[in-house]
Protein chains: 2
Amino acid sequence: MDKRIQEAVELFQQVLIYGTERVLRSVEDPLWKEYSPEQMQVLNIIAKEGAMTAGRIAMLQGVHKSAVSNRLKKLKDKELLHVLQSDDKREKLLDLTEKGRVAAKHSNEVLHGYIEKLLINQVDDQEIEQFLMTFRKLKEILKTNGE
Amino acid sequence: MDKRIQEAVELFQQVLIYGTERVLRSVEDPLWKEYSPEQMQVLNIIAKEGAMTAGRIAMLQGVHKSAVSNRLKKLKDKELLHVLQSDDKREKLLDLTEKGRVAAKHSNEVLHGYIEKLLINQVDDQEIEQFLMTFRKLKEILKTNGE
DNA sequence: CCAAAATAGTTTACCCCCTAAACCAATACA
DNA sequence: TGTATTGGTTTAGGGGGTAAACTATTTTGG
């Protein structure tokens with residue numbers, strides 16, 4: 001038991017903490033070079049949930065509001081987002097432009113394709129089941145922690 | 001099958017790409033604040049494999065040599081590393097100072113403890129086995145990819 | 001044997017990410 | 001209505017990264 005926890009901790013560290021970015025950096029696609037992963041995440045979040053405030057985006061991304069403010073400025077400059085005024089004049093609702101919608105869709109396809117290739121070539125039918133269970137669990141753990 | 005791959009891809013994306021950094025950012029420890037994860041990784045690598053060149057570190061971290069050069073400068077400033085001359089006078093061997101050795105050990109304990117708590121509280125005995133298998137596999141996938 | 005090519009590192013310019021703190025504007029509320 | 005709170009922006013400062021230019025030192029090959 002102890003030994004397994006030990007191995008789990010090491011794997012967690014190697015794979016999650018240091019392994020992921022490597023992969024991210026090796027995705028090659030013009031769009032993926034042009035917009036950062038965090039920027040794409042904003043587009044994807046809005047694509048799924050619809051227009052929302054900067055504050056909510058910050059909460060969902062788990063970062064300081066100033067980080068998001070900065071990010072949103074870039075996305076607006078790139079014309080991927082536009083602002084809708086809400087009743088409360090302090091807050092601004094961010095929504096995708098058509099260009100933003102297209103970018104989100106495309107980037108998703110690229111990333112999906114990339115990961116899919118990674119998995120499908122090297123993971124057999126049995127393993128995929130384990131993979132799913134582990135990751136569902138992980139998602140929970142990370143979520144309850146992050147909140 | 002298709003549907004499972006689909007879910008796997010999505011989980012991979014959410015957990016690996018966006019979930020990890022959140023966790024990293026929520027580790028709280030003076031040392032962990034003082035030195036970045038990448039800096040700690042350098043210390044850990046050298047702690048494990050012994051003195052090595054900047055080029056090899058860059059290779060192991062999977063980044064451009066200029067990124068490493070910069071990082072090493074910071075670590076030398078903080079007196080965690082020192083330089084040994086090698087026969088080939090172009091290259092420099094980086095080795096841990098005593099302070100570096102202590103920092104590596106401590107940071108590892110902190111991170112270990114953190115991850116362990118994360119896992120041990122929420123993962124039962126059965127799940128840990130799946131976790132291990134999945135992660136061993138993932139490590140392979142990421143490695144073959146990154147090389 | 002020596003000049004040209006390759007290799008190891010550093011620097012510089014430029015980008016993105018993040019936090020904290022100061023600062024506006026608008027809304028809440030006592 | 002005057003003060004507190006809330007949503008966002010800005011600024012300062014510190015990480016991360018790449019690419020390209022530049023040194024210094026080895027290798028190579030004619």
Side-chain angles (χ1 to χ4, degrees), chain A residues 17-28 30-43 51-78 80-94 107 146, chain B residues 17-18 20-28 30-43 51-78 80-81 83-94 107 146:
Chain A
I17 299 186
Y18 300 128
T20 308
E21 303 220 350
R22 285 184 80 121
V23 177
L24 266 190
R25 264 182 256 122
S26 64
V27 178
E28 281 177 32
L31 207 65
W32 194 252
K33 293 272 176 202
E34 199 172 343
Y35 313 133
S36 75
E38 288 80 3
Q39 287 172 8
M40 294 306 336
Q41 192 189 16
V42 170
L43 300 186
M52 64 179 73
T53 65
R56 177 156 174 73
I57 294 173
M59 198 263 282
L60 291 176
Q61 291 198 304
V63 299
H64 197 280
K65 59 181 181 173
S66 62
V68 165
S69 176
N70 187 297
R71 191 165 14 260
L72 293 177
K73 186 165 61 180
K74 288 169 192 161
L75 289 171
K76 282 180 274 181
D77 287 348
K78 291 173 182 170
L80 299 172
L81 293 182
H82 66 124
V83 182
L84 308 175
Q85 262 306 340
S86 81
D87 292 346
D88 184 334
K89 276 167 199 151
R90 282 172 306 183
E91 61 182 30
K92 300 172 178 180
L93 291 174
L94 285 310
S107 98
Chain B
I17 299 184
Y18 300 128
T20 309
E21 304 221 347
R22 288 184 78 122
V23 176
L24 265 191
R25 262 183 256 122
S26 63
V27 178
E28 282 177 32
L31 208 64
W32 194 252
K33 293 275 177 199
E34 199 171 344
Y35 312 132
S36 76
E38 288 79 4
Q39 288 172 7
M40 294 306 335
Q41 192 188 15
V42 170
L43 301 186
M52 64 179 72
T53 67
R56 176 154 174 72
I57 295 172
M59 198 265 281
L60 291 175
Q61 291 200 305
V63 299
H64 196 279
K65 59 181 180 172
S66 62
V68 165
S69 177
N70 188 308
R71 185 157 30 250
L72 292 177
K73 187 164 61 179
K74 287 170 192 162
L75 289 170
K76 283 181 274 183
D77 287 349
K78 292 173 181 169
L80 299 172
L81 292 182
V83 182
L84 307 174
Q85 261 306 341
S86 82
D87 292 345
D88 185 332
K89 277 169 198 148
R90 283 171 305 183
E91 61 182 28
K92 301 173 178 179
L93 291 174
L94 284 310
S107 100

Next on the checklist: Restricting to non-hydrogen atoms, name the atom on A/A51 and the atom on A/L84 that form the minimum distance, rounded to 0.1 Å.
Outcome noted: CB-CD1, 4.2 Å

Checklist entry - Which atoms form the tightest heavy-atom contact between B/K89 and B/Q85, and what is the distance? => result CA-OE1, 4.2 Å

Checklist entry - Near DNA chain C, under 4.0 Å by heavy atom, which residues of residues 84-94 of chain A? => result A/D87, A/D88, A/K89, A/R90

Next on the checklist: Counting C-beta onward and ignoring hydrogens, is there a side-chain heavy-atom pair between B/L43 and B/M40 closer than 4.5 Å?
Outcome noted: yes

Checklist entry - C/dC17 C1' sits how many Å from A/K74 NZ, rounded? => result 7 Å

Checklist entry - B/L75 has an atom CG; how far is it from atom P of D/dG15, in whole Å? => result 10 Å

Checklist entry - Tell me: CG of A/D77 to P of C/dC15, nearest whole Å? => result 13 Å

Checklist entry - In residues 65-72 of chain B, which residues come under 4.0 Å of DNA chain C by heavy atom? => result B/K65, B/S66, B/S69

Checklist entry - For B/Q41 and D/dG15, what is the distance between atoms CD and C1' respectively, to the nearest whole Å? => result 14 Å

Next on the checklist: For a 4.5 angstrom cut-off between non-hydrogen side-chain atoms, does A/V63 reach A/R71?
Outcome noted: yes

Checklist entry - Does OP1 or OP2 of C/dT11 have a side-chain N or O of B/K73 closer than 4.0 Å? => result yes

Checklist entry - Taking NE2 from B/H64 and P from D/dA21, how many angstroms apart are they, rounded to a whole number? => result 12 Å

Item to check | Least distance between heavy atoms, A/A54 atom then A/V68 atom | outcome: O-CG1, 3.7 Å

Checklist outcome for this item: To the nearest angstrom, the CD-P distance between A/Q39 and C/dC18 comes to 10 Å

Checklist entry - Heavy-atom distance under 4.5 Å between the side chains of B/T53 and B/L94, does that happen here? => result no

Next on the checklist: Less than 4.5 Å apart, side chain to side chain, heavy atoms only: is that true for B/Q39 and B/K78?
Outcome noted: yes

Checklist entry - Would you say B/Q61 reaches D/dG17's phosphate, i.e. side-chain N/O to OP1/OP2 under 4.0 Å? => result no

Checklist entry - How close or far is atom C1' of D/dG14 from atom NZ of B/K33, stated in whole angstroms? => result 13 Å

Next on the checklist: So, OP1 or OP2 of D/dG16: does either fall under 4.0 Å of a side-chain N or O from B/S36?
Outcome noted: yes

Checklist entry - Separation of A/W32 atom CH2 from C/dC16 atom P, in whole Å? => result 15 Å

Item to check | Sequence-distant partners of A/S66, side chain to side chain donor-acceptor pair (under 3.5 Å), two or more places apart | outcome: A/H64

Next on the checklist: So, taking the atom named NZ in B/K65 and the one named CG in B/L72, what distance separates them when rounded to the nearest 0.5 Å?
Outcome noted: 13.0 Å

